[in-house]
Structures are given as structure tokens and as C-alpha cells.
Amino acid sequence: LDGRCIEKIALLLAPDDFTREKHRHCYRAALHLHEAKQLIDQVTLMQAMREMGTLEAAGGMAWLSLLVAGVPTSVHVEHYARIIHNTRILRDLRRAGAKITDMANTAPPNKLNGVLDEAFALMNDILQRAEANPQTLEIQSMTIIKSAPPHYVLMVNGRTVKMGLDDLLSPKAFQRQMVAALDFIPS
């Protein structure tokens with residue numbers, strides 16, 4: 001466990017980026033120690049989790065020992081952090097896509113504008129989380145401009161991107177459109 005790594009990832013990762021609650025507990029404790037400018041090692045992390053009341057919920061000292069022993073190296077911590085963050089964005093896109101699909105399947109035609117507004121709000125929330133991580137898609141600004149369905153126009157980094165509803169609902173299609181529009185080359 002290399003306590004200095006938190007400096008590299010504190011701005012990239014949020015506790016909610018982790019899928020498992022026990023990992024969120026551990027990361028929250030590490031952030032707490034970092035913010036208090038305290039040393040982060042296995043002992044201080046255990047103590048912080050105990051004080052926060054999350055050590056046993058995470059699996060206790062035995063689990064934390066296994067976690068520390070199972071981490072291959074801290075050399076690639078930024079790469080691992082990007083994977084965790086990007087996976088969270090993809091999870092959020094799947095949830096939003098499912099919710100939007102459900103709304104589209106159940107809403108009466110006279111409620112289209114409300115469904116579109118909620119769909120845009122869901123997508124904007126996700127895009128803002130992606131914006132917060134400069135290693136995801138490099139999106140400095142994005143505005144969704146409503147257009148005549150089934151096409152929508154987005155202004156992304158000063159460029160106009162035209163998408164169909166299917167592109168907005170499909171994480172893979174959306175990412176493909178964004179990559180093409182921004183000439184983004186993943187690292």
C-alpha cells in the first residue's frame with residue numbers, strides 16, 4: 001500500500017466510482033486520511049475505517065490484508081483509476097439507457113417532451129461526470145440542443161454533433177459518435 005498514490009488519483013476517482021461497497025468504504029477512509037494530511041498505510045487505513053464504522057462492513061482486518069496483498073503494484077495506479085472511473089461511466093450509461101428505454105416504452109405520446117427532458121438530464125449528468133475526469137473523453141463543454149425527433153443536435157467543444165435517439169440511448173453508439181466528433185484517440 002503506497003499512501004503517496006492518493007495524490008495521483010484523488011481528483012480522478014470518487015468513492016461511488018467503485019462497484020463494491022467495501023471498496024467504497026476503503027477509498028473513503030483513504031480520502032479521509034489524505035484530507036487530514038495523515039500517513040496512509042494498512043494500519044492507519046484500518047484505524048480510519050474502524051473510526052468511521054466501516055471496517056467490519058467491509059470485511060474486517062482480514063479482508064483489508066487480502067486487498068493490500070492482492071494489489072499488484074502502485075506503479076500503474078492512474079491507469080487503474082481510469083479503468084474504475086470509466087467502468088462507472090459505462091455502468092451509469094447502461095442504467096440511463098434502461099431508464100430511458102422504459103420511459104419511451106411506457107410514456108403516452110403527449111408526454112414526449114417530458115421524456116426527452118428527463119433523458120437529456122440523465123445524459124447530461126453522466127457527461128458531467130465524464131468531464132470531471134480528463135482521461136475519459138476530453139469534453140470541455142456540451143450542450144444538448146433539442147431538434148426535431150428523431151434527430152438531436154449537440155454542441156460539443158464548439159463542434160456540432162448530430163445524433164439519432166438510438167445513438168443517445170446506446171452507450172457504444174454514443175461513445176463512437178463522440179470519439180468521431182472530437183477526433184479523440186484513446187490513450
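All residue numbers in this chain count up from 1 along the given sequence.
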Inset, instruction - Only counting residues at least two apart or in another chain, list the ones meeting salt bridge (charged side-chain N to carboxylate O under 4.0 Å, His left out) with Arg91. - result: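 By the salt bridge (charged side-chain N to carboxylate O under 4.0 Å, His left out) rule, Arg91 matches no residue at all.
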
Inset, instruction - Would you give the length of the straight line joining atom CD1 of Ile40 to atom CD1 of Ile6, rounded to the nearest 0.5 angstrom? - result: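 Those atoms lie 5.0 Å apart.
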
Legend entry - Point-to-point distance, once rounded to the nearest 0.5 Å, from CG of Leu127 to CG of Asp92: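 So the CG of Leu127 and the CG of Asp92 are separated by 11.0 Å.
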
Tell me which donor-acceptor pairs under 3.5 Å the side chains of residues 44-54 have, and how far apart each pair is, sequence neighbours excluded?
residue: Thr44; atom: OG1; partner: Leu39; partner atom: O; Å: 2.8
residue: Thr44; atom: OG1; partner: Asp41; partner atom: N; Å: 2.9
residue: Thr44; atom: OG1; partner: Asp41; partner atom: O; Å: 3.2
residue: Thr44; atom: OG1; partner: Asp41; partner atom: OD1; Å: 3.1
residue: Gln47; atom: OE1; partner: Arg50; partner atom: NH1; Å: 3.2
residue: Gln47; atom: NE2; partner: Glu51; partner atom: OE2; Å: 3.1
residue: Thr54; atom: OG1; partner: Met49; partner atom: O; Å: 3.4

Legend entry - Nearest atoms (heavy-atom pairs only) where Val115 meets Ala104: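 Nearest heavy atoms, Val115 then Ala104: CG1-N, 4.4 Å.
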
Inset, instruction - For residues Cys26 and Trp63, report the shortest heavy-atom separation together with the two atoms involved. - result: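 Cys26 and Trp63 have their closest heavy atoms at CB-CH2, 4.2 Å.
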
Legend entry - Contacts of type side-chain contact (heavy atoms from CB on, under 4.5 Å), residue Asp16, not counting sequence neighbours: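 Per chain and number, Asp16 pairs via side-chain contact (heavy atoms from CB on, under 4.5 Å) with Arg24, Arg28, Arg88.
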
Legend entry - Pairing residues for Ile84 by the side-chain contact (heavy atoms from CB on, under 4.5 Å) criterion, not counting sequence neighbours: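 By the side-chain contact (heavy atoms from CB on, under 4.5 Å) rule, Ile84 matches Leu13, Asp17, Phe18.
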
Legend entry - Residue pairs involving residues 98-114 (criterion salt bridge (charged side-chain N to carboxylate O under 4.0 Å, His left out); sequence neighbours excluded):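 Listed by first then second residue: Lys99-Glu118.
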
Minimum side-chain heavy-atom gap [X]-[Y] below 4.5 Å:
X: Leu67; Y: His23; value: yes
X: Glu7; Y: His34; value: yes
X: Arg82; Y: Ile9; value: no

Legend entry - Met103 atom CE, over 12 foreign heavy atoms within 6.0 Å: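 Atom CE in Met103 is crowded, with more than 12 foreign heavy atoms closer than 6.0 Å.
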
Inset, instruction - Identify, with sequence neighbours excluded, every residue that meets ring-ring contact (aromatic ring centres under 6.0 Å, His included) alongside His32. - result: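 His32: no ring-ring contact (aromatic ring centres under 6.0 Å, His included) contacts found.
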
